[in-house]
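Reviewing the structure listed below.
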Amino acid sequence: MSAQDTPEVRRHMDRLAADGIDVVRVTYPDLIGTDRARDVLLDHLPSACEHGLAFCRAVYHTSPQGDVVPVPGGLDAGLPDIAVRPDLDAVHVLPWEPGVAWCLGDTTDPATGAPSPESPRDLLRAVLARCAEAGLRPVVGPELEYFLLDGAPGTPSGWRRYAQATTGVIYTAGLRADADNHLLRTLRQLRDLGIGVVTGNHEFDAGQFEINLTHSEAMDAADRAFLFKSAVKELARKEGKLATFMAKPFNDAGGSGFHLHFSGEDAQGRNVFGDPSGAFGLSDTGRHAIAGILAHAPALAALLNPTVNSYKRFGPGTLAPWLIDWGLDNRSAMVRIPPERGSGARLEVRLGDASANPYLAIAALSAAVLLGVREGQEPPAPLEGYGYDPRKSQMLPMSLPAALDALAADEALIEILGKDFTDSFLAYKRDELDRFNRHVTDWEFTEYSYHL
Ligand code: GLU
Ligand code: MG
């Protein structure tokens with residue numbers, strides 16, 4: 001019997017076997033929030049728990065196109081391993097894949113046993129520990145939007161928007177916006193996956209959907225948002241479709257947001273953002289949290305809007321933000337305070353887009369809230385009326401390079417996120433920018449080829 005072939009592992013194996021599971025898919029998020037995984041036959045779970053599954057550390061920073069980006073600890077170190085150990089308390093039976101269960105993995109450097117600096121789950125863990133030291137327990141409710149695409153052989157991308165012909169059937173549910181009942185099937189499968197999915201609807205644009213997850217403690221919410229994105233993509237693939245969480249996939253449609261409902265609770269589980277006697281019905285903590293998010297918004301954009309494409313979602317009249325502002329039940333503001341107070345008092349941070357890595361987005365937001373609370377920062381007056389007036393508030397960074405520069409300059413935020421992590425993230429993203437800047441786009445050809 002191996003060291004990890006313990007009664008505890010046996011108990012999990014017996015439970016899984018009783019559920020008809022013979023494969024455990026151990027999955028962990030890379031730097032951009034994509035799931036990296038390996039299928040482990042159930043009988044080999046004790047060995048995976050004892051030794052960990054070996055993945056090349058550079059997988060964290062291998063681009064979607066297969067570039068191994070030169071980040072410290074990767075190519076320069078000879079492409080060493082990380083060990084990924086199943087977290088057997090985080091197992092979800094896959095309703096659409098008989099015999100398979102998803103299991104989140106935790107990663108360590110086999111040489112030191114320490115988490116690797118790029119590990120998004122460990123980054124969030126570390127930030128939440130800092131919050132806990134200050135008596136703050138972040139609670140998060142994720143809302144994610146995405147586009148669904150059908151295969152379109154012969155077109156340049158090979159895909160076209162699902163329900164392309166649908167116009168004017170927005171913010172609804174049912175067959176008029178979703179002739180193939182994608183949403184119903186997806187909702188039911190996600191319910192059976194057990195990741196706290198609550199509601200769903202067709203979003204503003206044809207082929208765009210939104211599904212809401214219940215709120216919970218920040219790590220649990222990040223785990224569920226991570227699994228949610230993977231699940232929606234898996235389910236679409238099973239039907240020959242593509243679900244994309246990229247920020248703004250089309251010129252003739254709006255973007256996809258990753259709105260995060262954020263509050264804090266005390267050790268007794270009581271909401272600490274509401275206060276009936278405080279200004280706007282918010283507590284000091286609630287106000288300081290808003291101020292921290294506004295103060296660090298340019299740097300937060302790097303983590304909540306992490307792609308070249310992200311910045312095409314921002315703009316006036318988009319329902320995505322453009323300016324660094326907040327408002328009471330105001331959807332044109334970057335931070336909206338929904339009308340509920342008391343145990344439902346919270347901020348709806350509308351900054352993030354759906355392409356963000358849930359762990360990094362929630363870690364960055366928690367760090368900014370912690371800074372605001374620690375320093376007792378006060379927000380300016382809330383936005384009145386419809387926003388998007390650049391005379392009233394500072395503009396968000398309007399490009400990825402500007403956001404990366406803002407992150408690199410935000411020493412207080414870096415102190416909480418850690419310099420090793422931030423350096424890796426910035427190196428990865430600057431490589432992405434270099435590759436983009438060298439690439440000739442369709443727009444350039446259309447704009448220049450004929451007239452010039
Ligand atoms: N799609 C918008 C965004 O990118 C949000 C629309 C809404 O309010 O639900 O943030
Ligand atoms: Mg929405």
Side-chain angles (χ1 to χ4, degrees), residues 140-149 161-163 166-173 177-178 182-183 186-187 190 197-215 225 228-229 232 243-262 293 297 300-301 303-340 346-358 361-362 365 383 385-388 395-398 400 403:
V140 175
E143 263 183 34
L144 275 149
E145 298 173 342
Y146 61 93
F147 278 92
L148 186 68
L149 313 183
R161 257 194 279 168
Y162 170 75
T166 308
T167 50
V169 192
I170 58 171
Y171 294 117
T172 186
D178 180 14
H182 155 81
L183 183 63
T186 305
L187 270 181
L190 295 172
V197 157
V198 188
T199 59
N201 60 268
H202 192 273
E203 246 297 326
F204 189 85
D205 284 289
Q208 191 184 30
F209 295 89
E210 169 171 325
I211 294 182
N212 303 314
L213 282 75
T214 187
H215 62 278
F228 169 83
K229 289 173 77 174
V232 169
T244 181
F245 291 86
M246 71 181 277
K248 191 173 185 309
F250 302 105
N251 282 310
D252 61 350
S256 291
F258 181 12
H259 301 170
L260 290 163
H261 292 252
F262 194 105
I293 293 171
L300 291 180
L303 293 146
L304 280 91
N305 311 99
T307 69
V308 170
N309 177 256
S310 294
Y311 295 81
K312 294 168 186 168
R313 166 176 164 263
F314 291 160
T318 56
L319 287 184
W322 186 42
L323 307 178
I324 299 170
D325 53 6
W326 75 287
L328 300 167
D329 197 4
N330 191 328
R331 282 189 169 74
S332 59
M334 189 190 89
V335 178
R336 166 180 175 256
I337 313 302
E340 292 95 326
R346 64 189 187 279
L347 326 180
E348 180 193 1
V349 183
R350 297 171 64 84
L351 174 63
D353 67 67
S355 68
N357 178 334
I362 293 172
L365 218 49
L383 169 71
Y386 197 54
Y388 302 120
M395 209 176 276
L396 279 161
M398 287 311 288
L400 183 59

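All residue numbers in this chain count up from 1 along the given sequence. Order of listing sets the numbers, starting from 1, for every ligand and every atom in it.
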(message) For a quick test of reading the model, state the closest non-hydrogen atom pair linking Glu145 to Gly257 and the distance between them.
(response)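 Where Glu145 meets Gly257 most closely, the heavy atoms are OE1-N, 2.8 Å.
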(request) Could you pull out all residues at least two apart from Phe245 that satisfy ring pair (Phe, Tyr, Trp, His ring centres under 6.0 Å)? (result) Tyr146
(request) Mind checking ring pair (Phe, Tyr, Trp, His ring centres under 6.0 Å) for Phe147 and listing every partner two or more places apart, or none if nothing turns up? (result) Phe250
(message) Determine whether a donor-acceptor pair (N or O, by modelled atom type, separation under 3.5 Å) exists between the side chain of Asn330 and the backbone of Gly385.
(response)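 Judged by distance alone, yes, a pair lies under 3.5 Å.
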(message) Test your reading of the model: is there a side-chain donor-acceptor pair from Asn201 to the backbone of Tyr171, 3.5 Å cut-off?
(response)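 A pair under 3.5 Å: no.
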(message) For a quick check: using heavy atoms under 4.0 Å, what are the residues in contact with ligand 1, sorted by chain and number?
(response) Glu145, Tyr171, Glu203, Glu210, Gly255, Ser256, Gly257, His259, Arg313, Leu319, Ala320, Arg350
(request) Please examine the side chains of Pro338 and Asp329, heavy atoms only from C-beta on, and report whether any two atoms are closer than 4.5 Å. (result)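 They are not in side-chain contact.
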(request) Could you tell me how the ring of His202 sits relative to the ring of Phe209: parallel (under 30°), tilted (30 to 60°) or perpendicular (over 60°)? (result) perpendicular
(request) For the pair Arg346 and Glu348, find out whether any cationic side-chain nitrogen is under 4.0 Å from an anionic carboxylate oxygen. (result)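 No.
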(message) How about NE2 on His259, more than 12 heavy atoms from neighbouring residues, nucleotides or ligands closer than 6.0 Å, or not?
(response)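 Yes, NE2 of His259 has more than 12 neighbouring heavy atoms, counting only those of other groups under 6.0 Å.
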(request) Quick one: name the protein N/O/S atoms under 2.8 Å from the Mg ion (ligand 2), chain by chain. (result) Glu145 OE2, Glu203 OE2, Glu210 OE1
